[in-house]
*Asks:* 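Could you have a look at this structure, given as C-alpha cells, before my questions?
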Amino acid sequence: MATKPALMNLPIETSDTGFYSGFSKDVTISAKILVSALIIWAVVFPENASNVLSALNSFLLTNFASWYIFVIAFYVVVCLLFALVPSSGKLLLGRPGDTPEFSNFSWFSMMFGAGIGIGMLTFATAEPIYHFGNNPDVIRGLSTGYEADNVRAAYRWSFLHWGVSAWACYALVGLALAYFSYRRNLPLTIRSGLAPLFGKSLSGPVGSIIDIVAVVATVLGVAQTLGFGVQQFVAGLHRVGIGDWVLNAEGTASTAGIILALLVIMGASTLSALSGVGKGIKWLSNINMGLSFFILFFFLVFGSTFFGLQALIVGMFDYFVTLPKTLFTVWKADGSETGDALSAWQGAWSVFYWAWWIAFAPFVGVFLARISKGRTIREYVLGAMLIPATMCFIWFAIVGGTAVDLTLDGTAGDSIITAGSQAQLFVMLDVILSSSQAWMMAVVVVILLLTYLVTSADSAVLIINTINSGGDEGPKGRPHIIFWGSALGLVVGALLIIGGLGAIQTAMVIGALPFSMVMALMGIALIKAIYKDSIREKAGVEIIYDPSADANTKAETPDAV
C-alpha cells in the first residue's frame with residue numbers, strides 16, 4: 001500500500017462574530033470558568049481551599065514523585081536525541097527558505113526572560129545558600145552543612161534544578177508545536193503536538209480538553225513565578241524606601257504590598273501584551289538582558305570573583321558527570337531517618353521544581369515555537385537547552401557564590417542565611433557596599449525585577465490567547481487580554497493572601513500533573529512523526545506543507561502521523 005501523506009489540516013472551530021470572535025468558545029469559556037472558580041474559592045473559602053490543596057499536594061507527592069522524576073528524564077533524553085541524531089537534527093522548523101524572524105540576541109533574550117529570568121534574581125542567591133546548609137550529601141553524611149567541604153555539593157544540587165532538565169520541558173513543547181505548525185501547517189496550539197497520535201479527532205472535544213489543561217497549567221505555572229517575583233519586588237520596594245507598610249510582622253509582603261505590586265506589574269504587562277511580541281515584549285526582553293549583564297558585571301567586579309568562577313567550573317563538571325545518575329534517582333521514605341529525610345528533600349525540591357517547569361512549559365513552549373521559526377532542530381534544541389542553562393549556572397556561581405563566600409569567611413555572619421529568600425540579594429548588597437551604593441544597586445534590581453515580571457506576565461497573556469484562539473497568532477480582542485491579565489493578578493494575589501507561596505506551590509504541583517502526561521505523549525508523537533516522515537521522504541511523498549497543493553484534492557487519506 002502506498003505511503004499516505006501526513007495530516008496537514010486540523011480545523012478548530014472558532015466564533016465568527018460577537019464577543020468571542022476568533023476564539024474557541026469551548027476552550028476559552030471553560031478555562032475562564034475554571035480559573036475564576038479557583039479565584040472565588042480561594043477568596044471566599046480560604047481555609048477550605050488551603051486544607052484541600054494541602055491534602056491533594058500530599059497525595060500527589062506520595063504517589064507521583066517517581067513519575068515526575070522519570071518523566072523529566074524522558075524529556076531530556078528525547079530532546080537530546082533529536083538534536084544529536086544527524087537525520088533529525090538537520091530538519092528545518094519551517095518550509096524551505098524560511099529564515100529566523102529574530103536575531104540570535106533577541107531570540108535568546110526573549111527565551112530567557114520568559115523562561116527563567118525572574119527566578120535568577122531570587123534563587124541565584126537563595127538556592128546555593130540553602131544547599132550550602134543542607135542537601136542530600138549532608139543528609140547522607142558525605143559533607144557538612146555551612147562548611148567548605150559542602151560547596152561543591154551545594155552547586156551540584158543547585159545546578160540540577162536549573163540546568164538542562166528545566167529547559168528540556170520548554171524545548172520539547174516548543175519543538176512539537178514548531179514542527180507540526182511550521183512544517184505541516186497545523187495550528188500553533190497545544191493540541192497540534194499530539195496530531196500523530198489522535199489525528200483529526202483533535203478538532204473536537206479531545207483537542208479542546210488538551211488546550212484547556214494547557215491554559216490552566218499556564219496560569220498556575222506563571223502564578224508560581226509571579227508569586228516569587230512579587231515577594232522579592234515588595235522586598236525591593238521596602239529596601240529603596242517605599243515604607244514599612246509593604247511588609248508584615250514576619251518580614252514578608254503584606255496584603256497592601258501585594259496589591260500595590262500586582263497593580264503595577266499587571267497594569268504594565270497588560271499594556272505590553274496589547275502591543276504584541278514584536279514591540280513591547282521584544283523591547284522589554286532586550287532591556288532585561290542588558291540589566292542582567294550589568295548586574296553580573298557588577299558582581300564580577302565587587303563580588304567574590306575567583307570563588308564564583310571556581311564554583312562555576314567545578315560545579316558544571318560535577319553536574320554533567322553526575323547528571324545521568326541524578327536524573328533517574330528516586331528516594332522513597334523507608335522508615336529510617338536518612339531515607340525519610342532524602343524523600344522529604346526530593347519532594348520539596350526536585351519534585352517541586354519538575355512540576356514548576358512542567359506547569360510553565362505550555363506557556364514557554366508556545367512562546368519558543370512562536371519565535372523559533374526558520375531554525376533547525378539541532379540549533380533550536382541546543383540553543384533552547386544549553387545556552388539558557390549555562391546562563392543560569394553563571395548567575396548561580398557569580399551571584400550565589402558571593403553569598404556563599406561571604407557566609408563561609410564570616411564577613412556576612414548569619415545575615416544572608418537568616419534573611420528570607422526574597423530579601424537575600426538585598427542583604428548581600430548591604431554587606432558588600434556602602435549604604436548609598438547598596439541603595440542605588442537595589443533600585444537597579446527593582447527595575448530589572450519589574451521588567452522580568454512584566455515580560456513573563458505579558459508573554460503569558462498572549463500565549464493563553466493564542467491557545468484560546470486555536471493557534472491564531474494575529475491580534476486578539478482587548479477585553480480578553482485585559483481579562484487574562486487581571487485573572488493572573490487575582491490568582492497570584494488570592495493564593496498569596498490565603499497561604500503565601502506555599503498555596504501557589506501546591507496549586508501548581510496539582511495543575512502540572514495532567515500536563516506532564518500531555519508532554520510525554522508529545523515526545524512519543526514527535527518520535528513517530530519524524531520516523532514516518534523519513535519513510536515518506538524516501539517514497540517521494542510530500543512531508544512539508546505546500547500551499548499550492550491546497551487547490552488540488554488528493555485521492556489519498558492523510559495519515560495521522
Side-chain angles (χ1 to χ4, degrees), residues 3-8 70-100 104 107-108 111 163-186 192-197 316 319-328 357 361 364-365 368-369 371-390 516 518-545 559-561:
T3 302
K4 296 179 181 179
L7 178 68
M8 296 192 184
F70 291 132
V71 82
I72 287 288
F74 172 72
Y75 303 156
V76 173
V77 171
V78 167
C79 286
L80 291 178
L81 282 176
F82 284 139
L84 298 178
V85 172
S87 58
S88 60
K90 68 181 181 181
L91 295 176
L92 186 71
L93 296 175
R95 297 170 56 214
D98 282 345
T99 57
N104 287 338
W107 180 57
F108 173 63
M111 176 171 57
V164 298
S165 301
W167 291 92
C169 296
Y170 309 153
L172 178 62
V173 175
L175 178 60
L177 299 186
Y179 189 89
F180 296 119
S181 295
Y182 301 137
R183 291 176 64 87
R184 297 190 178 180
N185 197 45
L186 301 187
S192 296
L194 302 182
L197 302 180
M316 288 183 65
Y319 165 71
F320 283 111
V321 167
T322 60
L323 183 61
K325 180 180 179 181
T326 52
L327 264 183
F328 294 94
W357 306 148
V364 183
L368 283 182
I371 64 176
S372 300
K373 184 178 181 179
R375 299 182 185 273
T376 66
I377 288 181
R378 180 174 297 110
E379 179 185 10
Y380 166 84
V381 171
L382 296 182
M385 285 179 63
L386 297 183
I387 296 176
T390 301
S516 70
V518 172
M519 287 175 60
L521 292 175
M522 280 185 168
I524 295 171
L526 265 174
I527 293 170
K528 290 185 66 176
I530 291 176
Y531 171 71
K532 289 294 289 287
D533 276 356
S534 67
I535 295 176
R536 292 189 184 98
E537 188 174 26
K538 292 176 183 177
V541 177
E542 202 70 42
I543 62 173
I544 300 177
Y545 171 71
D559 193 332
V561 295

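Computed from a predicted model, the values in this text were never measured in an experiment.
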*Asks:* How long is the gap from NZ on K373 to CG on L93, to the nearest 0.5 Å?
*Replies:* 11.0 Å
*Asks:* Within the 4.5 Å heavy-atom criterion, are L526 and F180 side-chain neighbours or not?
*Replies:* yes
*Asks:* Roughly how far apart are C169 SG and I72 CD1, rounded to 0.5 Å?
*Replies:* 3.0 Å
*Asks:* Could you check if a side-chain atom of I544 sits within less than 4.5 angstrom of a side-chain atom of R183, using non-hydrogen atoms only?
*Replies:* yes
*Asks:* Is there side-chain contact between Y182 and D98, with heavy atoms separated by less than 4.5 Å?
*Replies:* no
*Asks:* Could you check if a side-chain atom of V164 sits within less than 4.5 angstrom of a side-chain atom of L323, using non-hydrogen atoms only?
*Replies:* yes
*Asks:* Which atom names give the shortest non-hydrogen contact between A369 and G174, and what distance separates them?
*Replies:* CB-O, 3.5 Å
*Asks:* When you compare the side chain of M385 with that of Y170, does any pair of heavy atoms fall below 4.5 Å?
*Replies:* no
*Asks:* On a heavy-atom basis, which atom in A168 and which in C79 lie closest, and how many Å separate them?
*Replies:* O-SG, 3.7 Å
*Asks:* Check whether Y380 reaches the backbone of L175 with its side chain - one donor and one acceptor, N or O, closer than 3.5 Å.
*Replies:* yes
*Asks:* Nearest heavy-atom pair of P5 and V541: which atoms, and what distance?
*Replies:* CA-CG1, 3.6 Å
*Asks:* Nearest 0.5 angstrom please: L368 CG to W107 CH2, how far?
*Replies:* 8.0 Å
*Asks:* Check this for me: Y531, atom OH, are more than 12 non-hydrogen atoms of other residues, nucleotides or ligands nearer than 6.0 Å?
*Replies:* no
*Asks:* For the atom pair NZ (K4) and CD1 (I535), what is the distance rounded to the nearest 0.5 Å?
*Replies:* 14.0 Å
*Asks:* Just by modelled atom types, is the E542 backbone N or O under 3.5 Å from a matching donor or acceptor in the R536 side chain?
*Replies:* no
*Asks:* For residues L172 and G523, report the shortest heavy-atom separation together with the two atoms involved.
*Replies:* CD1-CA, 4.0 Å
*Asks:* CH2 of W357 to OH of Y75: how many Å apart, nearest 0.5 Å?
*Replies:* 14.5 Å
*Asks:* Measure from the side-chain N and O atoms of S181 to the backbone N and O of A178, and report whether any donor-acceptor pair falls under 3.5 Å.
*Replies:* no
*Asks:* How close do S165 and L327 get, heavy atom to heavy atom, and via which atoms?
*Replies:* OG-CD2, 3.4 Å
*Asks:* Answer yes or no: is there a donor N or O on one side and an acceptor on the other, between the side chain of R378 and the main chain of A83, under 3.5 Å?
*Replies:* yes
*Asks:* What pair of heavy atoms forms the shortest contact from S516 to V71, and how long is it?
*Replies:* O-CG2, 4.1 Å
*Asks:* Report the C-alpha distance between K532 and I543 in whole Å, list the side-chain angles of each, state the deciding distance to 0.1 Å, and finish with yes or no for side-chain contact (heavy atoms from CB on, under 4.5 Å).
*Replies:* CA-CA 9 Å; K532 289 294 289 287; I543 62 173; over 6 Å; no
*Asks:* Could you check if a side-chain atom of V173 sits within less than 4.5 angstrom of a side-chain atom of M519, using non-hydrogen atoms only?
*Replies:* yes
*Asks:* Please examine the side chains of I530 and I377, heavy atoms only from C-beta on, and report whether any two atoms are closer than 4.5 Å.
*Replies:* yes
*Asks:* Would you say that Y179 contacts D533 through its side chain, given a criterion of any heavy-atom pair below 4.5 Å between the two side chains?
*Replies:* yes
